[in-house]
Amino acid sequence: MKKKLSLVTIVTEGILKEQFSELLQENGASGFTITRAEGQGSRGVRARDWEGPNLRFEAIVSSAAADQILAAVEKKYFESYSVIAWVSNVEVVRGEKFVGEENV
Amino acid sequence: MKKKLSLVTIVTEGILKEQFSELLQENGASGFTITRAEGQGSRGVRARDWEGPNLRFEAIVSSAAADQILAAVEKKYFESYSVIAWVSNVEVVRGEKFVGEENV
Amino acid sequence: MKKKLSLVTIVTEGILKEQFSELLQENGASGFTITRAEGQGSRGVRARDWEGPNLRFEAIVSSAAADQILAAVEKKYFESYSVIAWVSNVEVVRGEKFVGEENV
Amino acid sequence: MELILQNLISPVTLAFALGMIARWVRSDLEIPSAVYQGLSIYLLFAIGLKGGVSLSVTPVRELIAPAALTLVLGVLTPLSAFFFLRSLGKLGRTDAAATAAHYGSVSVVTFIAAIEAVKISGMASNGYLPALLAVLEVPGIIVGLLLARESKGAGMKAAIHDVITGKSIFLMVGGLVIGALCGPEKIAGVAPFFIAPFKGVLCIFLLELGMVAAGRIQDLKAAGFRLILLGCFLPLFHGSIATVCAVAVGMNPGGAAVFGAMVGSASYIAAPAAVRLALPKASPGIYLTLSLGVTFPFNLALGIPLFLYLAKNAPKFLS
Amino acid sequence: MELILQNLISPVTLAFALGMIARWVRSDLEIPSAVYQGLSIYLLFAIGLKGGVSLSVTPVRELIAPAALTLVLGVLTPLSAFFFLRSLGKLGRTDAAATAAHYGSVSVVTFIAAIEAVKISGMASNGYLPALLAVLEVPGIIVGLLLARESKGAGMKAAIHDVITGKSIFLMVGGLVIGALCGPEKIAGVAPFFIAPFKGVLCIFLLELGMVAAGRIQDLKAAGFRLILLGCFLPLFHGSIATVCAVAVGMNPGGAAVFGAMVGSASYIAAPAAVRLALPKASPGIYLTLSLGVTFPFNLALGIPLFLYLAKNAPKFLS
Amino acid sequence: MELILQNLISPVTLAFALGMIARWVRSDLEIPSAVYQGLSIYLLFAIGLKGGVSLSVTPVRELIAPAALTLVLGVLTPLSAFFFLRSLGKLGRTDAAATAAHYGSVSVVTFIAAIEAVKISGMASNGYLPALLAVLEVPGIIVGLLLARESKGAGMKAAIHDVITGKSIFLMVGGLVIGALCGPEKIAGVAPFFIAPFKGVLCIFLLELGMVAAGRIQDLKAAGFRLILLGCFLPLFHGSIATVCAVAVGMNPGGAAVFGAMVGSASYIAAPAAVRLALPKASPGIYLTLSLGVTFPFNLALGIPLFLYLAKNAPKFLS
Ligand SMILES: Nc1ncnc2c1ncn2[C@@H]1O[C@H](COP(=O)(O)O)[C@@H](O)[C@H]1O
Ligand SMILES: Nc1ncnc2c1ncn2[C@@H]1O[C@H](COP(=O)(O)O)[C@@H](O)[C@H]1O
Ligand SMILES: Nc1ncnc2c1ncn2[C@@H]1O[C@H](COP(=O)(O)O)[C@@H](O)[C@H]1O
Ligand code: NA
Ligand code: NA
Ligand code: NA
């Protein structure tokens with residue numbers, strides 16, 4: 001059975017790895033996938049320091065959790081850090097894996 | 001001309017690279033893109049052994065092929081391996097490249 | 001406030017990094033994210049030369065810019081280079097960041 | 001005691017400890033995965049080369065007995081490990097077989113640490129040991145997979161192909177053949193890259209291994225007390241037998257100690273990959289935790305000095 | 001003049017220049033980020049090891065005065081930098097504090113370049129300098145963060161934890177402890193990896209740093225003339241004082257010059273990471289541009305020869 | 001025959017073979033792309049450094065004739081390759097021009113293998129050869145692009161800029177200049193990194209190249225018999241002429257053989273990148289397969305020993 005869920009993607013500075021991992025888990029993500037990325041944005045190309053390149057987080061979550069994650073990111077990080085985030089609709093099999101038993 | 005197709009994304013263990021490459025091609029993908037990823041999921045952070053990190057497969061396929069791929073993944077891998085997979089709707093130009101001549 | 005925008009994804013040869021960065025910016029992308037990728041497609045597995053692996057560009061843009069980007073890619077690159085591109089619908093917060101002030 | 005300390009205070013061992021500390025204090029230290037894979041390729045190929053060179057200068061006759069012993073122990077140790085893991089460890093068939101594959105194979109880093117310990121102790125060793133290492137790597141894994149009796153026919157054949165062409169074995173055997181073909185003079189040209197910096201590279205590798213092992217140690221509780229005990233008993237048991245046998249077939253005391261450490265060690269490079277593919281239902285939480293979280297540090301700290309002690313004194317008992 | 005040229009024409013400095021040129025001619029040269037991180041790990045750990053070994057052979061008594069001086073200057077230089085950046089530089093509190101953290105800490109590469117320059121000049125140095133480097137790395141950053149008065153209580157504690165367990169400090173201190181525990185004989189085994197190729201590895205690292213710095217230099221205009229001047233004045237001011245003090249507490253002239261370069265330098269590895277986390281509102285366009293785009297090349301080209309000159313002649317003035 | 005075997009049984013050549021075998025037995029061995037790029041950077045910069053140092057100790061007068069010869073052959077070989085590829089090879093204009101660019105440029109690894117072969121054979125060589133290598137790298141590519149007559153005006157100018165600032169040429173020339181400026185004494189400090197381990201690093205690089213070449217060899221059938229023959233004929237033809245000319249302008253026999261191998265070789269690092277950008281319609285299945293799948297192994301196995309033989313005996317014919 002396929003189930004409709006949300007895919008949240010966040011691109012942010014490498015230095016925030018720990019913080020975003022926690023943020024995702026605290027806001028309902030059962031897991032996440034990180035890829036290393038490089039980027040260019042409105043702040044210009046950033047000097048690559050030892051913290052390495054940008055990180056691109058992906059998490060499959062319920063649509064409520066997606067809203068919650070976006071809100072948390074907006075509140076805590078948008079002002080001072082390089083962060084962008086977007087949400088799209090996806091379908092998964094084994095939906096119960098991602099949203100916890102209570103709300104499947 | 002733009003054409004609506006499906007984007008299948010699969011995140012799995014690095015050791016299964018060969019197997020998933022075959023699985024995708026056998027189930028109708030004309031190609032695929034792999035990025036290295038790291039992840040955290042319900043099984044906890046896995047020890048990184050020499051097999052390297054997770055792999056993130058992406059394939060643009062017809063919606064029928066997408067269903068077929070998900071079914072194959074579910075049948076063969078969900079039980080014993082770390083795998084997650086999702087599908088989303090995308091639009092491409094040059095759709096014939098992805099679905100074979102017969103069913104454009 | 002969430003805003004609906006387009007996510008353009010392009011996978012292409014590492015050697016074209018500079019050119020695609022410019023193409024995206026010239027066609028209305030306020031920024032982009034690059035991840036290194038490997039791939040297999042209709043031209044067979046390419047020899048990895050020093051230029052490194054494929055690159056996977058992502059840019060959040062207005063739907064008009066998305067069309068423009070796809071058209072530019074199709075015109076200049078599809079014939080001679082390994083390129084694939086697709087578009088999907090996403091929602092972002094802080095939409096003004098991506099589309100310039102004039103057309104929010 | 002002196003021996004134990006001597007063994008523990010070395011850059012290689014301390015780098016492993018530093019890696020564990022990095023995890024415990026939650027440092028953001030990370031070895032990029034590409035670098036880690038590069039280091040692995042270097043180490044395996046270099047150890048093969050070294051073994052090959054020493055093969056090229058060892059008379060075949062001298063090799064027969066040690067090689068035969070290696071093969072026999074490579075088949076027996078996974079059987080013995082399987083027996084203990086089933087009976088004392090109360091593991092299911094698949095988990096026991098998967099873990100037995102690890103104890104049947106060998107830990108390259110334990111081997112190198114033993115070589116170093118012998119060097120420091122001043123005992124004589126045997127040049128052909130890296131070749132035995134390559135011999136010991138494979139059979140244990142295959143016996144382990146057979147013990148699981150899960151994958152048969154084509155599945156088993158594919159698994160054996162994967163083990164043999166798997167990058168660890170492939171690189172080590174490839175290096176071995178190249179070393180043997182080229183001999184010492186031609187290898188001299190690449191020695192400043194493959195021989196001299198070897199131990200330093202190993203430090204960085206162990207830094208990473210320490211971080212992984214620290215993660216594993218957190219899983220110890222889940223593994224249970226019985227299994228932890230087995231993770232100490234199996235290396236002792238296999239290693240002591242191997243040391244004594246090695247002395248008996250005429251290896252030098254230092255060489256016998258290294259041989260004991262090899263046989264007593266549990267693989268965490270080649271075996272996990274093979275087992276993950278062939279026995280996906282076996283739990284990495286058991287086999288990786290035992291081999292990397294228990295047996296590896298145990299051998300570094302206690303096993304190696306013990307085998308050294310045994311090798312030194314075995315001749316007396318034997319005669 | 002002779003000294004300056006001698007200092008500039010070295011593989012390390014020229015590699016930095018080559019990196020800058022790569023950016024200016026728009027070459028597609030790129031050091032993969034995994035390689036860059038691997039090099040950083042190597043360099044920091046190696047410098048720690050070296051310092052540790054020299055510590056293990058230095059009598060404690062000899063160390064007390066230099067270590068105390070280092071601590072004092074590690075606290076004073078960020079205060080002085082803060083003062084000048086606020087008053088002359090007209091920076092806001094946060095930006096000034098962030099930049100002060102950089103000038104309070106130390107640039108490892110400047111340190112190494114100074115060591116080389118001393119070697120070439122034939123002056124006597126002091127073996128324990130890398131240990132002082134480790135001591136100097138941390139306090140400046142903490143004072144800088146305190147000056148910002150932004151994050152208090154838990155925030156400040158977390159920030160200090162992050163600085164100390166941050167990979168730069170962790171690796172250097174880890175290497176230091178391992179080097180000190182092992183001593184020269186045991187480190188000899190890993191010297192062909194950690195000591196001999198060190199300067200060569202540094203060349204590749206500087207190639208990348210040159211590329212980053214070239215990007216920063218384009219930001220100079222935005223930084224403004226006042227700040228550029230400060231980026232030259234601060235190293236001169238701090239470095240000269242430090243050189244003279246070092247001579248006064250009895251360091252060799254070569255050692256004093258290196259010490260001056262250390263204290264005069266601004267961090268661009270450890271400090272930026274800490275500041276980015278703890279003071280996200282401070283602008284990297286200011287602190288990175290000053291430390292990497294102005295002060296680093298200034299020290300390479302002018303600072304180091306000057307401190308050498310000063311160290312050679314200070315004894316006369318002092319007596 | 002003896003020479004051929006001597007040449008083939010070396011760690012470097014065998015590593016290439018091992019890479020090919022890895023592909024054939026379908027091993028999962030993979031060199032991470034970041035590591036591969038790191039190795040390339042190292043090798044190109046190191047070879048430049050070496051050349052620069054030897055330049056700094058060679059009187060200019062001695063260089064004029066060899067450099068002029070290099071330039072002339074750098075322009076003539078792509079023309080000759082173009083002619084044969086069009087007439088005998090029956091290639092279209094674009095493919096012929098693209099392939100000619102490869103044969104006009106030079107394969108760094110072939111060059112190094114030739115240097116080694118000369119060393120083993122005990123013949124005298126010339127120190128300035130790496131400088132000639134840098135000279136030979138560029139013109140052939142530019143002539144090749146001009147032959148295609150596809151991109152004109154701005155397009156051509158951009159292509160030439162890309163070739164010259166492309167990372168391969170940039171690193172090699174950068175290393176050359178640094179080596180020449182620093183001279184032997186200052187380079188000695190980085191020699192343990194850039195000189196001593198060079199050949200070992202090359203082994204790992206060739207492991208990867210072997211894997212890529214094995215993939216290319218599968219494309220040979222598609223390339224057709226005529227092209228394969230040309231892939232053997234062109235190096236022979238260009239290389240023999242170059243060897244004889246080199247002897248004629250007074251190079252040592254060993255140096256002349258290396259020069260022949262250089263001129264006879266086909267680029268597979270700098271040229272493919274330039275051609276892919278400037279002539280996207282040319283087929284990599286032709287130019288890469290010929291240069292990496294045919295000409296490179298041909299030179300390793302037969303070309304180099306032949307040029308050695310020729311260089312040894314050319315003086316007789318010439319006089
Ligand atoms: N329009 C965009 N589309 C995709 N990624 C973007 C976009 N804008 C910014 N980014 C990514 O977000 C990072 C931070 O952006 P910024 O804060 O604008 O500098 C960049 O380095 C990019 O990786
Ligand atoms: N909710 C999720 N969203 C995105 N990726 C996930 C999620 N859960 C798991 N993953 C990825 O799938 C891998 C395997 O997950 P698991 O089998 O749950 O351990 C993880 O390492 C992650 O890369
Ligand atoms: N169906 C597909 N889905 C996802 N990625 C693809 C697909 N086909 C090709 N690609 C990617 O596009 C690159 C070029 O494809 P091609 O030009 O067909 O060789 C490949 O290396 C893949 O990374
Ligand atoms: Na074993
Ligand atoms: Na300072
Ligand atoms: Na050529």
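A, B, ... follow the sequence lines: proteins, then strands. Residue 1 opens every chain. Remember, predicted model here, so these are calculated numbers, not experimental data.
Proximity to chain D involves both the backbone and the side chain of F:A22, based on heavy atoms less than 4.5 angstrom apart.
Heavy-atom neighbours of chain F within the stretch residues 189-198 of chain D, taken at a separation under 4.5 angstrom, comprise D:G189, D:V190, D:P192, D:F193, D:F194.
To the nearest 0.5 Å, atoms CG (F:L14) and CG (D:L181) are separated by 6.0 Å. The CD1 atom of F:I9 sits 7.0 Å away from atom SG of D:C182, with the distance rounded to the nearest 0.5 Å.
In this view, F:L39 and F:V35, F:V201, F:I204, F:F205 satisfy the side chain to side chain contact (heavy atoms under 4.5 Å, CB included) rule, not counting sequence neighbours.
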Which donor-acceptor pairs under 3.5 Å do side chains of residues 256-264 of chain F form with protein atoms, sequence neighbours excluded?
none

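The two atoms that bring D:G38 and F:P32 nearest to each other are N-CG, 4.5 Å, heavy atoms only. Among all heavy-atom pairs drawn from D:F45 and F:L18, the shortest one is CE1-CD2, 3.7 Å.
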Donor-acceptor pairs under 3.5 Å, chain F to chain D, main chain and side chains both?
residue : atom : partner : partner atom : Å
F:Q6    : O    : D:K186  : NZ           : 3.4
F:Q6    : OE1  : D:K186  : NZ           : 3.0
F:I9    : O    : D:K186  : NZ           : 2.6
F:V25   : O    : D:H161  : NE2          : 3.2
F:S27   : OG   : D:T165  : O            : 2.7
F:D28   : OD1  : D:K167  : N            : 2.8

